Amino acid sequence: MTTDTLALPAALGGTPAFPAGLPLTRVQVPDRAALLERLGTVLDSGQLTNGRTVAELEETAAGLLEVPHVVAVSNCTAGLMLVLQAAGVDGGRPVVMPGFTFSATAHAAHWAGGTPVFAEARESDITLDPEDAAARLAAADRPAALMATHVYGTPCQVERLQEVADAAGVPLVYDSAHGFGSRRKGVPIGNFGYAEVFSMSPTKVAVAGEGGLVATHDAGLARRLRTARDYGNPGDYDTLFPGLNARMSELHAAVGLNWLAGLPDRVAHRGTLVGEFATVTAGLPGLRLALPEDGDISTFKDLTLILDAAEFGLTARRLADVLRAEGIDSRRYFHPPVQRQRAYAHLGQADALPLTDRLADSVLTVPLWSQMDAPTVRRVAEAVARIQPYAERLRAA
């Protein structure tokens with residue numbers, strides 16, 4: 001296409017691609033009738049917590065993840081806190097983690113008693129750089145743990161990260177909030193490290209309304225977590241340690257079970273949609289997508305563009321403004337990176353990660369949800385493709 005055959009972007013007076021607006025996410029219940037029936041069963045039971053539905057969700061999730069133990073919790077952050085507590089994170093000891101992640105990764109380490117030490121991202125896929133993490137572990141005084149995040153559902157370099165953790169003598173904990181349904185070389189995410197913790201909040205691919213799942217091969221950890229999520233109470237109110245009220249309700253578990261049904265097909269559909277977007281935008285200067293390695297499967301919890309502003313002609317911030325004129329919602333996941341956020345300014349690490357800073361300045365997430373159809377994602381991609389040739393005029397507008 002050439003600029004003279006392209007319709008003007010809406011920001012320059014053209015017709016918006018989505019006059020009624022296109023939100024970043026849209027939660028649509030897969031099978032409302034089945035969900036209502038399941039919720040009715042829960043309500044009729046008279047038991048809204050610590051019941052059969054949570055146990056069924058755990059068993060179903062374990063089957064999908066191909067792991068022996070899954071423990072349901074109230075949310076991913078609480079799950080991470082309890083796993084880190086079980087791993088012995090306390091006393092302000094360093095916990096090495098990516099700067100490019102959601103803030104909850106660092107919050108969990110803080111609340112467990114550790115001190116976040118932020119490490120660089122990989123240029124290619126924005127997941128944690130194992131070599132930089134190894135260097136920061138080596139430099140830390142008595143490090144307590146290594147944390148990694150499957151960003152957007154992209155599997156981390158799990159093999160190398162395990163080598164790094166083993167060499168440092170620390171447990172490896174994954175913030176797998178985005179990753180339920182992702183696979184690393186054919187193995188489901190959930191099988192790696194000391195534990196992996198998933199989110200089931202409304203923006204995820206597997207939804208419970210609110211909730212989290214901890215997957216582990218460690219039977220002792222699973223037993224502890226079942227106690228920890230109930231205040232540390234083994235059943236006689238003589239608490240064994242300071243736990244949390246981190247139980248998942250039966251109602252949330254019912255919603256979660258409804259979403260797990262057909263999950264592999266939804267993950268595959270999301271991958272197809274990302275492929276459609278990639279086809280339409282192929283060849284655009286200065287634009288690439290956050291994609292997994294060949295042989296890996298991502299949930300594509302987010303469809304994220306990585307922009308080279310000099311080549312594309314617009315910064316991520318400016319592209320977001322221009323897409324807003326098209327009726328297309330977007331978010332800058334994750335900007336600012338955690339090491340630059342005010343909550344962690346006291347650590348003095350704001351300027352420690354130049355590559356992470358550059359990548360965070362470059363990302364823009366555009367709409368994608370499991371029920372989206374191919375024509376819709378193509379219209380989003382076409383809007384981006386229409387915008388780029390007018391970058392100079394848009395900068396001046």
Side-chain angles (χ1 to χ4, degrees), residues 1-26 100 121-126 151-152 154 269-292 298 300-337 355-369 372-397:
M1 293 184 291
T2 61
T3 55
D4 59 344
T5 61
L6 289 169
L8 282 172
L12 295 176
T15 301
F18 295 89
L22 185 71
L24 188 72
T25 60
R26 179 175 292 165
F100 194 92
R122 284 166 26 104
E123 175 84 49
S124 57
D125 60 14
I126 328 186
V151 179
Y152 314 134
T154 300
H269 177 63
R270 295 173 78 93
T272 299
L273 294 179
V274 172
E276 290 276 357
F277 191 100
T279 297
V280 173
T281 58
L284 283 181
L287 183 148
R288 63 186 176 97
L289 303 184
L291 299 173
S298 173
F300 290 109
K301 181 267 178 188
D302 294 310
L303 170 50
T304 297
L305 320 182
I306 306 172
L307 297 177
D308 182 322
E311 292 187 16
F312 187 81
L314 298 172
T315 64
R317 183 191 296 268
R318 183 64 179 129
L319 179 57
D321 294 337
V322 177
L323 287 175
R324 189 177 304 115
E326 299 287 347
I328 299 170
D329 194 12
S330 64
R331 295 288 186 280
R332 299 183 68 195
Y333 289 151
F334 298 105
H335 183 277
L355 175 56
T356 293
D357 287 340
R358 177 168 61 78
L359 289 168
D361 284 343
S362 303
V363 295
L364 186 69
T365 297
V366 297
L368 180 72
W369 57 82
M372 184 181 282
D373 58 21
T376 300
V377 80
R378 281 197 297 270
R379 284 170 63 196
V380 176
E382 288 164 358
V384 174
R386 185 171 74 248
I387 287 165
Q388 195 281 325
Y390 291 93
E392 184 175 354
R393 287 179 59 182
L394 287 162
R395 289 197 309 273

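Treat the numbers as computed from the prediction; the structure is a model and nothing was measured.
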Open item on the list: With side chain to side chain contact (heavy atoms under 4.5 Å, CB included) as the criterion, how do L289 and L287 come out once you've worked through the C-alpha distance, each side chain's angles and the decisive distance to 0.1 Å?
Closed with: CA-CA 7 Å; L289 303 184; L287 183 148; 4.2 Å; yes
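- Pairing each heavy atom of A121 with each of F100, the nearest pair is CB-CB, 4.3 Å.
- A distance of 11.5 Å separates CG in L359 from CG in L307, rounded to the nearest 0.5 Å.
- In this structure the side chain of I306 reaches within 4.5 angstrom of the side chain of I126, judged on heavy atoms.
- Atom CG of D125 sits about 8.5 Å away from atom CZ of R288, to the nearest 0.5 Å.
- F334 and Y152 have parallel rings, their planes meeting at less than 30° on a 0 to 90° scale where 60° marks the start of perpendicular.
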Open item on the list: I'd like to know whether L319 forms a side chain to side chain contact (heavy atoms under 4.5 Å, CB included) with I387, so could you lay out the CA-CA distance, the side-chain angles of the two residues, the decisive distance to 0.1 Å, and finally the verdict.
Closed with: CA-CA 8 Å; L319 179 57; I387 287 165; 4.0 Å; yes
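- R378 meets the salt bridge (Lys or Arg N to Asp or Glu O under 4.0 Å) test with E276; sequence neighbours excluded.
- Of the inter-residue distances, the one linking T365 atom OG1 with Y333 atom OH reads 7.0 Å to the nearest 0.5 angstrom.
- Within the model, atoms CZ of F277 and CZ of R379 stand 13.5 Å from one another, a figure rounded to the nearest 0.5 Å.
- Take T315 and apply the side-chain contact (heavy atoms from CB on, under 4.5 Å) test, not counting sequence neighbours, and it matches A309, R317, R318.
- P337 and T356 make their closest contact through CB-CG2, 3.8 Å (heavy atoms, listed as atom of the first residue, atom of the second, distance).
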Task: Intermediate values then yes/no, side chain to side chain contact (heavy atoms under 4.5 Å, CB included), L323 and V380 - done: CA-CA 9 Å; L323 287 175; V380 176; 5.8 Å; no
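- Checked against side-chain contact (heavy atoms from CB on, under 4.5 Å), T376 has the following partners two or more places apart in sequence or in another chain: F18, L22, M372, D373.
- Heavy-atom minimum distance, P16 versus P19: O-CD, 3.6 Å.
- Taken to the nearest 0.5 Å, the CG atom of L24 stands 8.5 Å off from the CH2 atom of W369.
- The two residues A7 and Y390 make their nearest non-hydrogen contact at O-CE1, 4.1 Å.
- With sequence neighbours excluded, no residue forms a side-chain hydrogen bond (donor to acceptor under 3.5 Å, both in side chains) with Q388.
- In this structure, OG1 in T304 is found 8.0 Å from CG in L364, a value given to the nearest 0.5 Å.
- Tested against F300 for a side chain to side chain contact (heavy atoms under 4.5 Å, CB included), the candidates T154, L291, L273, T272 yield a single pass: L291.
- Applying the salt bridge (charged side-chain N to carboxylate O under 4.0 Å, His left out) definition to pairs two or more places apart or across chains, those involving residues 356-365 are E123-R358, R340-D357.
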Open item on the list: Could you walk me through whether R393 and L8 satisfy the side chain to side chain contact (heavy atoms under 4.5 Å, CB included) test, starting with their C-alpha distance in whole Å, then the side-chain angles of each, then the deciding distance to 0.1 Å, before giving a yes or no?
Closed with: CA-CA 11 Å; R393 287 179 59 182; L8 282 172; 4.0 Å; yes
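- Scanning all heavy atoms of the two residues, the minimum distance from A11 to A325 falls at N-CB, 3.9 Å.
- For R324, the side-chain hydrogen bond (donor to acceptor under 3.5 Å, both in side chains) test picks out D321, with sequence neighbours left out.
- Shown here for R332 and A360, the closest heavy-atom pair between the two residues is NH2-O, 4.0 Å.
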